[in-house]
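Both ligands and their constituent atoms are indexed starting at 1 by order of listing.
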Amino acid sequence: MRYGIISDIHSNQEALNASLAQLKYVDKILCLGDIVGYSASPNQCTEKVRHFGCKAIAGNHDLAATEKQGLDNFNLYAKRSILWTKENLTEENKEYLRQLPNILIIDEMTLLHGSLTNLTGDYITNTQQARDCFSLLSTQICFIGHTHIPEYYIQENNKIMCQNIKPQDRSEIIISDNLRYIINCGSVGQPRDRDPRASFGIYDSKKKKVEIIRVDYLREITKRKMEEVGLPRILQDRLDIGW
Ligand code: ZN
C-alpha cells in the first residue's frame, strides 16, 4: 500500500490542493490532525479531507474549534484564529471534526498528532520526548504532526537518534526491520523549518520507504484571504518565512 501522509493543514486550502495534486496515485491518504486553525479556509479544507475519504485524527486546533478543548494552551494569535474558525465553520464540518478519533492504528502504523504521552498536547522535539513515546508504542512506526518540523527518531535497542530532514524537494527514509521509527512529515499549511513550501510524506509499506516531499503553492492567495477576513498579520507573514 502507498499512503499519503498529511498533517497540520491549518485551513490553508492552496497548500492542501498543491499537496493533494502530488498524492493522486496513493492508495489512501492519512491526515494527522490540525485540519483547521490559523488560515482562512476551514470549511474548504475540512470538506476536502472528508471528500477524499482521508483517514483522519484530531489535532489540538480541531478540538479547540469544536469546543472539545479549551483555549488555555493557545497563544494570542492562535486563540484569535480559533475564535474566528469557530464562528465560521459550518455545523456539518464541526460535527465531522468533533467525531475524529485521537489515535488510529492502521497497517502496523500508529497515527497521532502529538505523542503517546498526551495524544493532542505533548510535542516531540528531542530524544527524551521520543523515548517516552517509544516506551508506549506497540507498532514499528508512529507518524506524528504538531511541531510542523519534518524530522524523525529511530530507536535501536536502548538508543534513540534524531534525524533532521533538510529542506529539499524530496528526502527518503528507509525503514529497517529491526528498528522503530517516530516520523514527522512536516506541515502542509504552516511549515516551521524555514522552508515555506508545503511538506508531506508518502509511505510505501511494501518497499518500506517514506518519502518527504516539498511543494510550492499560491501563498499570495492564502495571505489575501487571511487579510480579507481580518486574521492577524503575523500569521500571514510567517507563511512567507516558513516559521
Ligand atoms: Zn498544528
Side-chain angles (χ1 to χ4, degrees), residues 4-16 19 29-42 44-46 48-49 54 56-66 68-86 89 93 97-98 100-104 111-125 129 133 142-152 165 182-201 212 214 217 219 222 226 231-232 234-243:
I5 316 276
I6 58 175
S7 188
D8 297 275
I9 299 162
H10 283 300
S11 299
N12 186 335
Q13 187 184 4
E14 293 68 36
L16 178 60
S19 303
I29 295 178
L30 310 173
C31 175
L32 306 187
D34 279 2
I35 296 166
V36 301
Y38 293 130
S39 291
S41 306
Q44 294 87 336
C45 290
T46 306
K48 202 123 225 188
V49 168
C54 302
I57 54 166
N60 49 321
H61 285 251
D62 308 318
L63 296 179
T66 55
K68 283 179 84 178
Q69 179 187 306
L71 290 170
D72 290 351
N73 295 325
F74 287 78
N75 68 39
L76 177 70
Y77 304 110
K79 226 178 249 181
R80 278 178 58 188
S81 79
I82 285 294
L83 293 174
W84 179 85
T85 302
K86 259 161 76 169
L89 269 173
N93 286 332
L97 294 171
R98 221 173 261 136
L100 292 176
N102 289 347
I103 184 167
L104 280 174
L111 312 172
L112 54 93
H113 189 65
S115 169
L116 279 166
T117 56
N118 181 328
L119 296 173
T120 53
D122 286 350
Y123 291 86
I124 298 181
T125 60
Q129 290 162 345
C133 185
C142 179
F143 283 103
I144 60 166
H146 204 26
T147 67
H148 300 204
I149 307 274
E151 63 182 6
Y152 61 107
I165 298 168
I182 295 172
I183 301 171
N184 192 324
C185 298
S187 165
V188 168
Q190 197 199 72
R192 292 181 189 161
D193 63 341
R194 304 264 172 203
D195 180 346
R197 293 176 300 170
S199 184
F200 55 92
I212 309 289
R214 305 304 290 253
Y217 68 92
R219 266 199 310 285
T222 310
M226 293 165 81
L231 284 164
I234 194 170
L235 297 178
Q236 301 171 44
D237 292 343
R238 71 187 301 181
L239 292 179
D240 276 333
I241 47 173
W243 188 245

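- Here the straight-line distance linking atom OG1 of Thr120 with atom CG of Asp62 works out to 9.5 Å at 0.5 Å rounding.
- For the atom pair Gln44 CD and Ile35 CD1, the distance stands at 13.5 Å (nearest 0.5 Å).
- To the nearest 0.5 Å, atoms CD (Glu14) and SG (Cys45) are separated by 8.0 Å.
- Closest approach between the Zn ion (ligand 1) and any N/O/S atom of Asp34 involves OD2.
- In this structure, Pro150 and Ser199 approach most closely via the heavy-atom pair CG-OG, 3.9 Å.
- If you look at Asp8 and ask which of its N, O or S atoms sits nearest the Zn ion (ligand 1), the answer is OD1.
- Taking backbone and side-chain atoms together, His10 has an N/O/S atom less than 2.8 Å away from the Zn ion (ligand 1).
- The nearest N, O or S atom of His148 is closer to the Zn ion (ligand 1) than 2.8 Å.
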